[in-house]
Amino acid sequence: MVNIASLLSPKIVCFMRISYLFLLLIFTACSSDSNKRLDNIEEIKKDFIATILTESVLDEGPFQMNYHLRAILFSDNVVSLMGDVFVFAHLPHGWTQYEGKTYVKINSSFKEISLNDLFPQPSQKEFLRSYCENFFKHHGDYSYFGGSDPLCNHLDQELIKTFVVDHESLILVFQPYSVGGLGDVPFTVKIPFTELIGKWQAANPLEKHLPITKNFLSSWDKDNWISDVQEDHSIAYKKEIPVQKEAF
């Protein structure tokens with residue numbers, strides 16, 4: 001099959017690449033709300049209502065705001081939740097943002113942890129950044145880092161903020177258009193806990209509760225990540241119900 005790009009002049013290819021990046025900037029900046037954190041859903045809801053009351057027009061509808069929050073991991077000592085918000089208030093399109101919240105039991109109560117709790121040292125942060133960068137260079141469809149002539153060759157540490165965990169892996173979640181485009185699901189990098197030994201902070205709050213081997217629900221499907229709990233690895237331990245003997 002003929003590679004169309006090889007038939008175009010370098011100037012045309014350069015212009016197409018610049019135009020593509022320009023469109024991405026327009027798409028990601030079309031709403032200032034797209035840069036807001038999801039800590040205050042009420043604020044996002046108020047902004048959505050204010051926008052459709054003052055700025056939206058009939059031909060751009062129907063307007064909507066959706067928020068989902070589901071458990072990626074539910075266990076005795078670790079709970080990890082994934083949230084996303086989608087807002088469409090005007091053309092050209094809506095915006096989506098993801099959040100992750102992970103809690104571990106410390107002194108009999110759950111406390112939220114951050115990536116800085118797991119990777120506090122500069123060398124540990126660099127390991128995480130380099131791991132993600134190499135992943136996108138060699139995997140991940142529609143990544144800016146892929147191909148023989150990638151749009152990007154260096155991953156900014158500031159893009160690594162959102163994460164969740166399942167029973168066996170750390171899952172890093174990247175915001176739309178930050179590391180790739182044309183995807184209907186978030187770009188993610190999944191790192192097994194076994195690969196983090198010696199790389200993250202020893203005896204960090206999460207590692208203290210590993211391995212997670214019983215009494216848990218775990219749900220992560222990268223192709224349909226908003227689905228219900230996956231049956232293939234959802235229930236790792238089932239409490240046996242004693243069978244009562246019938247009296248004769």
With heavy-atom distances below 4.5 Å as the criterion, would you say the side chains of T102 and I113 are in contact?
yes
Under the rule for side-chain hydrogen bond (donor to acceptor under 3.5 Å, both in side chains), what residues qualify as partners of D156, not counting sequence neighbours?
none
Rounded at 0.5 Å granularity, tell me how far CZ in F86 sits from CH2 in W95.
10.0 Å
Could you check if a side-chain atom of I160 sits within less than 4.5 angstrom of a side-chain atom of F174, using non-hydrogen atoms only?
yes
Would you check if the side chain of S80 reaches a backbone N or O of V165 as a donor-acceptor pair within less than 3.5 Å?
yes
Rounded to the nearest 0.5 Å, the CD atom of E99 sits from the CG atom of L69 at a distance of 6.5 Å
Rounded to the nearest 0.5 Å, what's the gap from CD on E133 to SG on C152? Could you check?
10.0 Å
For T188 and F136, which heavy atoms make the closest approach, and how far apart are they?
O-CE2, 4.5 Å
Residues passing the ring pair (Phe, Tyr, Trp, His ring centres under 6.0 Å) test with F145, sequence neighbours excluded, are none
Taking all non-hydrogen atoms of both residues into account, name the closest pair between Q121 and Q201 and its distance.
CG-OE1, 4.0 Å
Any side-chain heavy-atom pair from L170 and F193 closer than 4.5 angstrom?
yes
Which atom pair, heavy atoms only, marks the closest approach of N204 to L118?
OD1-CD2, 3.3 Å
Can you tell if the side chain of F88 reaches within under 4.5 Å of the side chain of N66, non-hydrogen atoms only?
no
Evaluate side-chain contact (heavy atoms from CB on, under 4.5 Å) for K125 paired with N116, printing each intermediate quantity in order.
CA-CA 8 Å; K125 288 181 170 64; N116 195 59; 2.8 Å; yes
Minimum-distance pair of heavy atoms, taken over all atoms of S114 and F163:
C-CE2, 3.8 Å
In Å and rounded to the nearest 0.5 Å, what is the CG to NZ distance from L115 to K161?
11.0 Å
Inter- and intrachain pairs under salt bridge (charged side-chain N to carboxylate O under 4.0 Å, His left out), touching residues 185-198, at least two apart
D166-K190
Report yes if some heavy atom in the side chain of L196 is under 4.5 Å from a heavy atom in the side chain of F119; otherwise report no.
yes
K46: which residues meet the salt bridge (Lys or Arg N to Asp or Glu O under 4.0 Å) condition with it, sequence neighbours left out?
none
Taking the inter-plane angle between the rings of H93 and Y177 on a 0 to 90° scale, is it parallel (under 30°), tilted (30 to 60°) or perpendicular (over 60°)?
tilted
Could you tell me the separation between the CD atom of Q157 and the CG atom of L155, rounded to the nearest 0.5 Å?
7.5 Å
Which atom pair, heavy atoms only, marks the closest approach of A71 to S219?
O-CB, 4.2 Å
Let me check something: do V57 and F63 share a hydrophobic cluster, defined by ILVMFWY side-chain heavy atoms less than 4.5 Å apart, either directly or through other members?
no
Will you find, in the side chains of N153 and K137, an N or O donor that is under 3.5 Å from an N or O acceptor?
no
Starting from the C-alpha separation in whole Å, work towards a yes-or-no answer on side-chain contact (heavy atoms from CB on, under 4.5 Å) for K105 and K208.
CA-CA 10 Å; K105 187 168 287 186; K208 291 179 179 179; over 6 Å; no
Might you confirm whether atom OH of Y103 has over 12 heavy atoms from other residues, nucleotides or ligands at distances under 6.0 Å?
yes
Kindly say whether G100 contributes a backbone atom to a donor-acceptor pair with the side chain of T162 at under 3.5 angstrom?
no
Measuring from atom CD1 of I52 to atom NE2 of H90, what distance do you get when rounded to the nearest 0.5 angstrom?
11.5 Å
Would you kindly confirm whether I197 and L128 end up in one hydrophobic cluster when ILVMFWY residues are joined by side chain heavy atoms under 4.5 Å apart?
no
side-chain hydrogen bond (donor to acceptor under 3.5 Å, both in side chains) partners for E42, two or more places apart
K45
How close do E60 and A89 get, counting heavy atoms only, and between which atoms?
OE1-O, 4.3 Å
Keeping K101 on the side-chain end and M82 on the backbone end, is there a donor-acceptor pair under 3.5 Å?
no
Under the 3.5 angstrom rule, does the side chain of T54 hit a backbone N or O of A50 as a donor-acceptor pair?
yes
Which residues share a side-chain hydrogen bond (donor to acceptor under 3.5 Å, both in side chains) with E207, sequence neighbours left out:
W200
Contact between D117 and L206 at the side-chain level, heavy atoms closer than 4.5 Å - yes or no?
no
Beyond-backbone contact of V85 with M65, side-chain heavy atoms, under 4.5 angstrom:
yes
